[in-house]
Enquirer: 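Dropping a structure here in structure tokens format, bear with me for questions.
Start at 1 with the first residue, then count along the sequence. Worth saying up front: this structure is predicted, and the values here are computed from it rather than measured. Hydrogens, waters and symmetry mates play no part in the numbers below; they use all other heavy atoms, side chains included.
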Amino acid sequence: MSKQMTGAQMVVKALKDQGVDTVFGYPGGAVLPIYDEIFQQNDIRHFLVRHEQAAVHAAEGYARSTGKPGVALVTSGPGATNAVTGLTDALMDSIPIVVLTGQVPTFMIGSDAFQEADTVGITRPCTKHNWLVKETDDLPKVLHEAFHVATSGRPGPVLIDIPKDIQFASGQYTSPKQAQTSHYQPRLKGDPEAIEQLVEAMETAERPIFYTGGGVINSGPAASQLLREFVEATGFPITSTLMGLGAYPASGSKWLGMLGMHGLYEANMAMHGCDLMINVGARFDDRITGRLDAFSPKSIKAHIDIDPSSINKVVKADIPILGDVGHVLEDALRMWKARGRKTNATAVQKWWAQIEQWKTVDCLSFQQEGKVIRPQHAVARLEALTKGHDRYITTEVGQHQMWAAQYMGFEDPNRWMTSGGLGTMGYGQPAAMGVQVAHPDSLVINVAGEASWLMNMQEMGTMVQYRLPVKQFILNNERLGMVRQWQELLHGERYSESWSEALPDFVKLAEAFGAKGILCSDPDDLDDAIMEMINHDGPVIFDCLVTKHENCFPMIPSGKAHNEMLLGEAETQGVIDAKGSVLV
């Protein structure tokens with residue numbers, strides 16, 4: 001017979017039964033019964049953040065770096081509304097998190113009670129699913145179902161709104177095995193006929209390319225291994241979205257680099273000129289496609305995705321395959337091998353010759369000259385000095401994010417945490433906390449811009465309190481860098497509200513929190529300063545003063561096609577013509 005317990009006890013018991021060992025949160029009146037139960041046990045660690053948005057981002061970082069669902073606990077009203085940005089971020093980037101919110105007692109709902117908000121109504125558009133629990137007996141079933149929904153199919157955020165009287169009342173606890181989850185069972189296996197159609201296209205393609213996204217990483221380590229095997233066996237080039245970095249190693253011989261608005265020249269040109277595009281777990285985001293009517297105009301497009309709503313939503317797929325990336329890749333690889341491992345080798349070799357010509361543009365080349373640090377140089381040196389470490393990288397959002405994606409290499413999945421779909425300034429620092437909690441002995445670095453970092457600067461208190469040795473690597477140009485860049489290139493150099501004129505002394509700020517601050521403004525001192533940051537055993541704010549008006553290239557201007565990139569220094573050096581062809 002099921003054991004009687006209070007709703008608050010059910011919450012803690014369910015979390016334990018789901019294998020949860022970490023919760024990020026902030027207490028308030030509507031969740032005090034749950035916090036009281038957390039106090040009386042030792043299996044689940046709770047980390048007190050300084051803002052509820054940070055709790056959700058920390059849960060995202062934990063989830064993205066472990067593959068397990070992250071958990072956040074916040075109170076009603078403003079606690080729940082502060083969580084909305086993190087929920088939307090997780091929905092856009094398919095991150096599995098479970099957010100528990102307190103609510104006013106059931107008999108007060110709708111009365112405009114103190115700290116009441118329609119949490120379920122507010123969060124319906126930014127969660128996979130949400131629940132308002134009105135009966136204590138239903139609470140454990142909902143909790144178990146929430147974890148199932150968050151982690152099944154296309155991962156994403158779920159929310160459970162728990163009124164305070166439900167937390168106090170007693171009821172029957174239901175174990176995970178007793179909970180009904182069979183009504184949500186996303187399709188995992190792809191249609192064999194569609195997979196065979198893909199294999200046939202791969203056997204004859206002259207200019208094929210693998211276009212991979214975060215879905216590969218979300219599918220688990222086996223999917224990344226299968227992808228790597230497929231790429232090496234076929235010899236096809238591979239590129240990736242921002243969210244897919246690490247699924248295929250950056251050191252791999254078939255790697256073209258990231259594609260999209262700030263992707264590499266060779267990756268974008270290959271996407272534009274391919275005749276077979278194999279989309280594996282990506283969603284044809286607008287930052288990838290550019291102008292839709294000019295996107296890869298002559299290619300057959302195969303799309304492998306577990307989310308049926310993603311297929312044909314933006315770009316029509318000639319070969320749609322609904323299923324889990326890992327299962328589909330496994331079946332496709334097996335079928336391709338059974339049919340004789342055929343490719344159009346002569347044509348693919350010619351395709352590679354064209355790609356190698358595009359590579360000669362060397363679109364990421366730059367010169368570090370003078371006594372002011374260029375941001376590309378700062379990120380390149382950070383990469384060189386940390387790539388041998390057990391390293392995880394998070395970012396804020398802006399130019400620094402793109403430079404990190406361009407100049408840092410990722411050999412494995414789950415090592416790169418960034419806000420892709422929503423582009424959330426303030427994401428990186430709390431996400432890094434979640435990563436560091438999950439990997440206490442690893443080197444965790446948040447690559448940041450000073451404006452974005454300030455949005456959740458209060459979390460330095462959390463890191464100091466829990467001795468989380470996260471390194472904040474701030475590229476400080478005293479500007480809202482990406483905003484300023486767009487204003488320069490697209491708005492006649494009218495810099496409306498994109499300059500920061502009252503920044504803190506980041507070294508003093510670090511010291512005020514009880515952390516270490518490092519200031520570096522001279523390129524000659526950069527390596528030693530980075531090593532000082534790495535070797536410090538606590539949290540660090542590294543204030544790297546960089547050139548103020550640096551632009552991030554390559555760049556596909558909004559509304560342009562892949563072959564209409566702005567290349568910055570490579571372009572001014574005259575190595576390409578107006579049509580994007582390499583001059584040799």
Side-chain angles (χ1 to χ4, degrees), residues 88 91-94 125 154 194 197-198 201 205-216 237-245 256-322 325 351 355 358 363 397 401-402 405 419-423 482 485-486 489-491 552-567 576 578-581:
T88 310
L91 185 71
M92 293 284 280
D93 287 344
S94 306
R154 178 180 175 179
Q197 190 180 355
L198 169 61
E206 297 182 358
R207 302 182 306 280
I209 190 169
F210 280 101
Y211 154 39
T212 58
V216 180
I238 178 171
T239 183
S240 168
T241 67
L242 181 74
M243 297 304 294
L245 296 177
L256 301 188
M258 182 181 73
L259 81 156
M261 177 172 280
H262 292 286
L264 272 64
Y265 179 74
E266 52 266 34
N268 282 327
M269 292 299 289
M271 279 286 279
H272 184 79
C274 69
D275 68 349
L276 174 62
M277 177 195 302
I278 308 167
N279 178 332
V280 188
R283 57 185 180 88
F284 290 112
D285 177 74
D286 62 283
R287 286 298 189 264
I288 297 299
T289 62
R291 198 174 82 239
L292 275 174
D293 62 359
F295 173 62
S296 195
K298 298 179 181 178
S299 66
I300 295 171
K301 298 174 181 67
H303 189 183
I304 304 169
D305 205 295
I306 199 167
D307 180 7
S309 71
S310 289
I311 295 177
N312 293 326
K313 180 167 68 176
V314 178
V315 172
K316 185 182 184 304
D318 302 292
I319 309 175
I321 304 176
L322 178 63
V325 164
W351 176 228
I355 291 171
W358 285 328
C363 65
V397 168
Q401 177 190 28
M402 296 298 106
S419 176
L422 193 61
M482 192 64 82
Q485 176 170 335
W486 280 53
L489 300 176
L490 305 174
H491 296 277
C552 182
F553 292 116
M555 176 184 175
I556 303 175
S558 183
K560 298 294 185 180
H562 276 133
N563 62 341
E564 298 179 275
M565 281 167 282
L566 301 177
L567 291 182
I576 63 166
K579 296 180 180 179
S581 300

Enquirer: Any sub-3.5 Å donor-acceptor pair from H562's side-chain atoms to A294's backbone N or O?
Expert: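 Side chain of H562 to backbone of A294, a donor-acceptor pair under 3.5 Å: no, none is there.
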Enquirer: Counting only N and O atoms by type, is there a donor-acceptor contact under 3.5 Å from the side chain of D93 to the main-chain atoms of G420?
Expert: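 The answer is yes, because a donor-acceptor pair under 3.5 Å joins these two groups.
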Enquirer: Sequence neighbours left out, what pairs pass salt bridge (Lys or Arg N to Asp or Glu O under 4.0 Å) with at least one residue falling in residues 256-285?
Expert: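 Residue pairs with at least one partner in residues 256-285: R283-D285.
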Enquirer: Quick one: pull up CG in L256 and CG in L264 and give me the separation to the nearest 0.5 Å.
Expert: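 Those atoms lie 8.5 Å apart.
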Enquirer: Quick one: side-chain hydrogen bond (donor to acceptor under 3.5 Å, both in side chains) partners of H262, sequence neighbours excluded?
Expert: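 side-chain hydrogen bond (donor to acceptor under 3.5 Å, both in side chains) check on H262 returns nothing, list empty.
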Enquirer: For T241 versus A282, what's the shortest heavy-atom pair and its separation?
Expert: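 Reported closest heavy-atom pair: CG2-CB, 4.0 Å.
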Enquirer: If you take all heavy atoms of N279 and G281, which pair is closest and at what distance?
Expert: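 Nearest pair, atom of N279 first, then G281: OD1-N, 3.6 Å.
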Enquirer: Run the side-chain hydrogen bond (donor to acceptor under 3.5 Å, both in side chains) test against Q401 and tell me which residues pass, sequence neighbours left out.
Expert: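 Applying side-chain hydrogen bond (donor to acceptor under 3.5 Å, both in side chains) to Q401 gives T418.
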Enquirer: By side chain to side chain contact (heavy atoms under 4.5 Å, CB included), which residues pair with I319, not counting sequence neighbours?
Expert: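 Partners of I319 by the side chain to side chain contact (heavy atoms under 4.5 Å, CB included) criterion, ordered by chain and then number, come out as Q197, L198, A201, I300, A302, I321.
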Enquirer: Step by step, work out the side-chain contact (heavy atoms from CB on, under 4.5 Å) result for M555 and M402.
Expert: CA-CA 10 Å; M555 176 184 175; M402 296 298 106; over 6 Å; no
Enquirer: With sequence neighbours left out, what residues match L292 under side chain to side chain contact (heavy atoms under 4.5 Å, CB included)?
Expert: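 Only T289, V314, V315 meet the side chain to side chain contact (heavy atoms under 4.5 Å, CB included) criterion with L292.
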Enquirer: Is the side chain of D305 donor-acceptor paired with the backbone N or O of I311 at a distance under 3.5 Å, no angle test?
Expert: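 Checking the backbone N and O of I311 against the side chain of D305, no donor-acceptor pair under 3.5 Å is found.
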Enquirer: Please tabulate, for side-chain N and O atoms in residues 205-212, each donor-acceptor pair with protein atoms closer than 3.5 Å (sequence neighbours left out).
Expert:
| from | atom 1 | to | atom 2 | distance (Å) |
| --- | --- | --- | --- | --- |
| R207 | NE | G273 | O | 2.7 |
| Y211 | OH | F284 | N | 3.3 |
| T212 | OG1 | T239 | O | 2.9 |

Enquirer: For a 4.5 angstrom cut-off between non-hydrogen side-chain atoms, does M271 reach M277?
Expert: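 Result yes, sub-4.5 Å side-chain heavy-atom pair found.
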Enquirer: Return the CE to CE distance between M261 and M565, rounded to the nearest 0.5 Å.
Expert: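 So the gap between those two atoms works out to 12.5 Å.
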Enquirer: Test of understanding: with side-chain hydrogen bond (donor to acceptor under 3.5 Å, both in side chains), list the residues that count as partners of S299, not counting sequence neighbours.
Expert: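 Counting only residues at least two positions away or on another chain, S299 forms a side-chain hydrogen bond (donor to acceptor under 3.5 Å, both in side chains) with S296, K301.
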Enquirer: Are any non-hydrogen side-chain atoms of L242 and M258 less than 4.5 angstrom apart?
Expert: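 Yes, side chains in contact.
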Enquirer: If we only count heavy atoms from C-beta on, is the V325 to I306 side-chain gap below 4.5 Å?
Expert: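 A side-chain contact under 4.5 Å is absent here.
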Enquirer: Show every salt bridge (Lys or Arg N to Asp or Glu O under 4.0 Å) that has at least one partner inside residues 556-567, sequence neighbours left out.
Expert: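 Output for this query lists R291-E564.
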Enquirer: Quick one: side-chain hydrogen bond (donor to acceptor under 3.5 Å, both in side chains) partners of D307, sequence neighbours excluded?
Expert: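 In terms of side-chain hydrogen bond (donor to acceptor under 3.5 Å, both in side chains), with neighbours along the sequence ignored, D307 is linked to R154, S309, S310.
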Enquirer: Could you check if a side-chain atom of W351 sits within less than 4.5 angstrom of a side-chain atom of C274, using non-hydrogen atoms only?
Expert: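 Yes, their side chains come closer than 4.5 Å.
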Enquirer: L489 versus Q485: any side-chain heavy-atom pair under 4.5 Å?
Expert: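 Counting from C-beta outward, L489 and Q485 do come under 4.5 Å.
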Enquirer: Might you point out which heavy atoms bring C363 and L567 nearest each other, and give the distance in Å?
Expert: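 The pair with the smallest heavy-atom distance is CB-CD2, 4.3 Å.
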